[in-house]
> 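Mind having a look at this structure? Questions to follow.
Within every chain, numbering begins at 1; the chains are lettered A, B, ... in the order of the sequence lines, protein sequences first and strands thereafter. Every heavy atom of this structure was used, including side-chain atoms; hydrogens, water molecules and symmetry mates were not.
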Amino acid sequence: MKKFVTHRGTAAPLLKINIDTDAIMPSREMKTVSKTGLGKSLFASWRFIDRGTDQEKLNPEFVLNQQEYSQASILLTGRNMGCGSSREFAVWALVDFGIRAIIAPSFGAIFFTNCIRNGLLPIVLDEQVIASLADYVALNPQANQLNIDLKTCHVIGPDGMTYPFELQSGFQVMLLEGLDAIDVTNKLGKEIDAFKTTDIQKRPWAYLN
Amino acid sequence: MKYTLFDKVWNDHVVTQQDDGADLLHIDRIFLHERTGSAALASIEEGERKIKNPAHVFCTMDHIVDTFPGRTDQTTMPGGSEFIKVTRDLSLKGNITLFDLGDERQGISHVVSPEQGIALPGCTVICPDSHTCTLGGLGALATGVGSSECEHALVTETLRFSKPKQMRVVFAGQLKSGVSAKDMILHLIAAYSAAGGSGYAIEFAGPAVDSLTVEARLTLCNMAVEFSAFTGIIAPDDKVFEYLKGRPYAPSGESWQQAKEYWATLSTDDGAHFDQEIVIDCATISPTVTWGTSPQEAISIDGQVPPLVLEEGDARRSMEQSLAYMGLKPGQSIQGLPIQVAFIGSCTNSRLSDLRIAAAILKGRKVASGVRAICVPGSTQVKQTAEKEGLDQIFLNAGFEWRESGCSMCFYAGGEGFVSGERVITSTNRNFEGRQGPGCRSHLASPATVAASAINGAITDSRKMGAL
C-alpha cells in the first residue's frame, strides 16, 4: 500500500452533504473486476454531460473540470462523505484520479476504512473550519495549497494556521508505514487459533463443516 | 456489569485488543456476490493467498445478473459476464458454496442468507455490501465492508473494528394500520438525518419492534446504513428461533438446543448503558415517502415538500440540488404526484410478506395506463413460494412484470434502468441521483405504497384504496 506521511496539494471544494458512493463511482462505470484505471469514471454523472454518448463533454461547472482545480489532490466536502454503497471502486477511482486526502466533517464508516486500506487519508475537521479553508483556497487555488502532516496529525492552511485532527493510531501507523492489513493480522495466528479453540467449546453450533 | 445485546455479541468475538483500542473480531460467516466479492476473490488469487475456512463462506449471483425469464451468463449490463465468470471460477477454486444461476437457492444475498439459515443470532457476518446490516434483524452482528476488508476476513477469519458507540431506538406503542417497517426506518432517518446514526451500532427495540415479523425486522435493519450506522440489531426471540428452525445451514439436533440456549441470553440487560437513546411514538408514523435524493429527504405521505433551509451553507446547497434534480418545489404535496414506474424488489422489500402485502392491494385491479410496473422477488425460493400461492398471477393480471430474482433495477449498472426524468415509486433503499438510471427520479416507499401508486398512476396512500 502507498505510504502517506506528508502531502502538499491543491484542495478542491465539493461542499455538498451526503455525497454517496454512487455519485463518486456510478455503478454503470464499473465494467471490469479490475481495481485500476477507474479515475476516468470519478464523479462521472457530475463531471460529464451526456456521458457515454457521441455528445459527451466535460461539465464546465464541475469543480474538478475547472483549470485551477484540475490538479487537485485534496477534496473538501460536506458531512457524511462517502455514504451509501460499500463499493471500494469509489476509493479506487479517487486514488486513480490522484486524490490523496479528503477533508470532511464526517464520513460513511465503510468508505472511511476503504480509504485507509488504499492509502487515501480521510480527515475529520469541523464544518466551519472546512468552509473557511475552502474560502481561502478559492482566492487562489494553485498558490493557496494545503499541507497535511500525518506524523503530527495536522492540516496547515494557506494562512499558516494549523488544524489538528484525530486518527486512530492503528490506522495512522498503517498509513505512515504503508502496511498491509492482512500481513499485520497474520502475525496474530496463534491468538486467532487460541480464540477458536475456546470458542468452539462455547458456541459449537456456530461452526459448519 | 450490565451489557447490551451488542456488547454481548461483540465481546464473545474479540480475539485480541490492539493498543489503540480497536478489536480484532472473529468473523463467523462471509457472504459474497459477483459485484464486489469477485474483486475480493480476484485479489486473493493475485496475492497467492488462501481462503482460511471455506465452509463459512457463501456466494450468490445477484447484482449483475439479468432478471428476465430465461436469463443466461450474458447480461444487459456491459461487461457483466466477466464478473459472473470470475466469481464462478474463483468460488470453485476456493471451495466455497456458490448459489449460481439456475440454483434454487440463488437470490439477493441478504434475502438468501436468512432463508438458508446462514446468518444466525449471535454470529458475526460480513459481506462486501453495505446492506449486510439487514441481518441484524435476526440478532446477528452484521456489517458491510469493502472488498479489501472482505479479503482480510476471507484470509484470516477476522476483521479489525473499533467498537462503535451504542444507540437504542425505541419504537413505543404500536404501528397504525397500513404502516410498515419501511415507514419506521424512513421516518427515523427523516427525523434524525442520514448521518444521525454515524458512529453508532443501533439496537432497535420497543413494543412495535417486538410485534414485527422476522421479515419486517430485516427490512428495519436493512436501512440502518442509510442512517449511517455501523449496524442495526434486534434481540432474537421465539419468532426468530421458529423462523430459523429446520433451515439448511441452521444448527440441528443437539446443536440446535445448544444454540437456542445461547441465543436466549442475547438481550440487553436492564440498566445497560447506551450512549444515546431515541424514543419514537409509533402513533406519529404514517406511510412515508422520500421527495429528494437522500433517504433523509422523506415526509409523511400526506405531507408537503419542506421549505428551503434558510441558512446558507452545505445543507441549503444540497437541498437546492435535490429539488432541481427531482423537479419539485417546496410546499408541493407528495401525494398525487404522477409516476411512470413502480418497482417492487431489492434486499429491503422483496420477501414473501412484502409480495403478499402488495398482492392484496393489486388483486382485481389494474396498473394505470402508461405506468410500467415490475416485481422482482428477493430470491428464487421467494419466487417459487409466491407462485405456489398464486401471487405471480395477481401481479401479472394487474399488469406487473414478474421477474427472476436479483438486485435488478434497485440500481443502474449500465444495463436495465429507467429513463431520465422518469418518476419511480420504489420499494428499494436509495434515492440517490442516477441510482436507478441517469436522471431518473426515485421515491422510496413501502411495497403497499408502491402497489397503490402503480394502480393510481400517482403517489397514493394505500390506506385510501378501499375495498373492491
> Check whether any side-chain N or O of A/D96 sits under 3.5 Å from a backbone N or O of A/L38 as a donor-acceptor pair, and report yes or no.
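Yes: the side chain of A/D96 pairs with the backbone of A/L38.
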> If you count heavy-atom pairs within less than 4.5 Å of chain B, which of A/D20, A/V184, A/N114 leads?
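Most heavy-atom pairs under 4.5 Å with chain B: A/D20.
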> Considering only heavy atoms, which portion of B/E261 lies under 4.5 Å from any heavy atom of chain A: side chain, backbone, both, or neither?
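For B/E261, no heavy atom lies under 4.5 Å from chain A.
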> So which part of A/F107 gets closer than 4.5 Å to some heavy atom of chain B, the side chain, the backbone, both or neither?
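For A/F107, the contact with chain B is made by the backbone alone.
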> Below 4.5 Å, heavy-atom pairs only: which of B/S318, B/G414, B/A55 has the largest tally toward chain A?
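Option with the greatest count: B/S318.
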> For A/R203, is it the side chain, the backbone, both, or neither that has a heavy atom closer than 4.5 Å to a heavy atom of chain B?
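Only the side chain of A/R203 comes within 4.5 Å of chain B.
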> Any heavy-atom pair between the side chains of B/L24 and B/L159 that's under 4.5 Å?
no
> Count the heavy-atom pairs under 4.5 Å between each of A/E191, A/K202, A/Q172, A/R87 and chain B, then report the option with the highest count.
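Highest number of heavy-atom pairs under 4.5 Å: A/K202.
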> Any idea which of B/G79, B/G146, B/S193, B/P251 has the most non-hydrogen atom pairs under 4.5 angstrom with chain A?
B/G146
> Determine, stepwise, if the pair B/F58 / B/V125 fulfils side chain to side chain contact (heavy atoms under 4.5 Å, CB included).
CA-CA 11 Å; B/F58 296 83; B/V125 187; over 6 Å; no
> Does any heavy atom of chain B fall under 4.5 Å from the side chain of A/D183, the backbone, both, or neither of them?
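Both parts, heavy atoms under 4.5 Å.
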> If you define the side chain from C-beta out and look only at heavy atoms, does anything of A/L146 sit under 4.5 Å from A/I103?
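When only atoms from C-beta onward are counted, A/I103 and A/L146 do touch, with a gap below 4.5 Å.
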> Please assess B/T132 against B/T143 for the test side chain to side chain contact (heavy atoms under 4.5 Å, CB included), listing each intermediate value before the final yes or no.
CA-CA 5 Å; B/T132 308; B/T143 191; 5.7 Å; no
> So B/T293 and B/Q321, do their side chains get closer than 4.5 Å, heavy atoms only?
no
> Non-hydrogen atoms of chain B under 4.5 Å away: do they reach the side chain of A/A109, the backbone, both or neither?
neither
> Counting only non-hydrogen atoms closer than 4.5 Å, does A/E29 touch chain B with its backbone (N, CA, C, O), its side chain (CB onward), both, or neither?
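Contact with chain B involves no heavy atom of A/E29 at all.
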> Side chains of B/H13 and B/D23: any donor to acceptor distance under 3.5 Å?
no
> Check each atom of B/Q258 against the heavy atoms of chain A and say whether the ones under 4.5 Å are side chain, backbone, both or neither.
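Backbone plus side chain of B/Q258, per the 4.5 Å heavy-atom cut-off to chain A.
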> Which answer fits A/A181, side chain, backbone, both or neither, if we ask what part of it has an atom under 4.5 Å from a heavy atom of chain B?
both
> With under 30° as parallel and over 60° as perpendicular, where do the rings of A/F112 and A/F171 fit, or are they tilted in between?
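The arrangement is tilted - the two ring planes meet at 30° to 60°.
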> Among B/R29, B/E226, B/R316, single out the residue with the greatest number of heavy-atom pairs under 4.5 Å to chain A.
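Max contact count across the listed options: B/R29.
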> Can you tell me which of B/H131, B/R430, B/E433 forms the most heavy-atom pairs within a distance under 4.5 Å of chain A?
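Of the options given, most contacts go to B/R430.
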> Does any backbone or side-chain atom of B/F411 lie under 4.5 Å from a heavy atom of chain A? Answer side chain, backbone, both or neither.
side chain
> Out of A/D180, A/N186, A/L188, A/V91, which one racks up the most heavy-atom pairs below 4.5 Å with chain B?
A/D180
> Using a strict threshold of under 4.0 Å (side-chain N to carboxylate O), is an ion pair present between B/E157 and A/K196?
yes
> Non-hydrogen atoms of chain A under 4.5 Å away: do they reach the side chain of B/V86, the backbone, both or neither?
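Side chain only.
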> Under 3.5 Å, is there a donor-acceptor pair between the side chain of A/H7 and the main chain of A/I148?
no
> By a 4.5 Å heavy-atom criterion (distance strictly below it), what part of B/S148 contacts chain A: side chain, backbone, both, or neither?
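Contact with chain A is through both the backbone and side chain of B/S148.
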> Under 4.5 Å from any heavy atom of chain A, what part of B/F83 do you find: side chain, backbone, both or neither?
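Both backbone and side chain.
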> Under a 4.5 Å cut-off applied to non-hydrogen side-chain atoms, are B/R35 and A/S27 in contact?
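Counting from C-beta outward, B/R35 and A/S27 do come under 4.5 Å.
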> So which part of B/Q257 gets closer than 4.5 Å to some heavy atom of chain A, the side chain, the backbone, both or neither?
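Neither part, no heavy atoms under 4.5 Å.
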> Tell me, side chain or backbone of B/T158 under 4.5 Å from chain A's heavy atoms, or both, or neither?
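The side chain, not the backbone.
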> As a quick check of understanding, evaluate salt bridge (charged side-chain N to carboxylate O under 4.0 Å, His left out) for B/D314 and B/R317, giving each step before the final call.
CA-CA 5 Å; B/D314 299 354; B/R317 241 188 320 273; 2.7 Å; yes
> Can you confirm whether B/K85 is buried at NZ, in the sense that more than 12 heavy atoms of other residues, nucleotides or ligands lie under 6.0 Å from that atom?
no
> Which answer fits A/I17, side chain, backbone, both or neither, if we ask what part of it has an atom under 4.5 Å from a heavy atom of chain B?
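Contact with chain B involves both backbone and side-chain atoms of A/I17.
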> Heavy-atom distances under 4.5 Å only: say whether B/S294 touches chain A with side chain, backbone, both or neither.
side chain
> Considering only heavy atoms, which portion of B/A42 lies under 4.5 Å from any heavy atom of chain A: side chain, backbone, both, or neither?
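Answer is side chain: those atoms of B/A42 sit under 4.5 Å from chain A.
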> Which atoms of A/N18 come close to chain B, meaning under 4.5 Å heavy atom to heavy atom: side chain ones, backbone ones, both, or neither?
side chain
> Distance alone, cut at 3.5 Å: any donor-acceptor contact between the side chains of A/Y207 and B/N53?
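Side chains of A/Y207 and B/N53: no pair found under 3.5 Å.
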> How about B/R435 and A/S85: does a side-chain donor come under 3.5 Å of a side-chain acceptor?
no
> Mind ranking A/S169, A/G78, A/C83 by heavy-atom pairs under 4.5 Å with chain B and telling me who comes out on top?
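Result: the option with the highest number of such pairs is A/S169.
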> Can you check side chain to side chain contact (heavy atoms under 4.5 Å, CB included) on B/L141 and B/F230, steps first, answer last?
CA-CA 10 Å; B/L141 197 168; B/F230 174 78; 4.0 Å; yes
> Quick one: which of A/V33, A/N80, A/T113 has the most heavy-atom pairs under 4.5 Å with chain B, could you say?
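Maximum pair count with chain B is reached by A/V33.
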> So which residue, B/G47, B/P78, B/S147, ends up with the most heavy-atom pairs under 4.5 Å with chain A?
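It is B/S147.
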> For B/T156, which atoms come within 4.5 Å of any heavy atom of chain A: side chain, backbone, both, or neither?
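Both backbone and side chain of B/T156 come within 4.5 Å of chain A.
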> Hydrogens and angles aside, do A/W92 and A/N118 bring a side-chain donor and acceptor to less than 3.5 Å of each other?
yes
> Heavy atoms only, distances under 4.5 angstrom: which of B/R49, B/E151, B/E254 has the most pairs with chain A? Name it, please.
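Looking at each of B/R49, B/E151, B/E254 in turn, B/R49 comes out on top.
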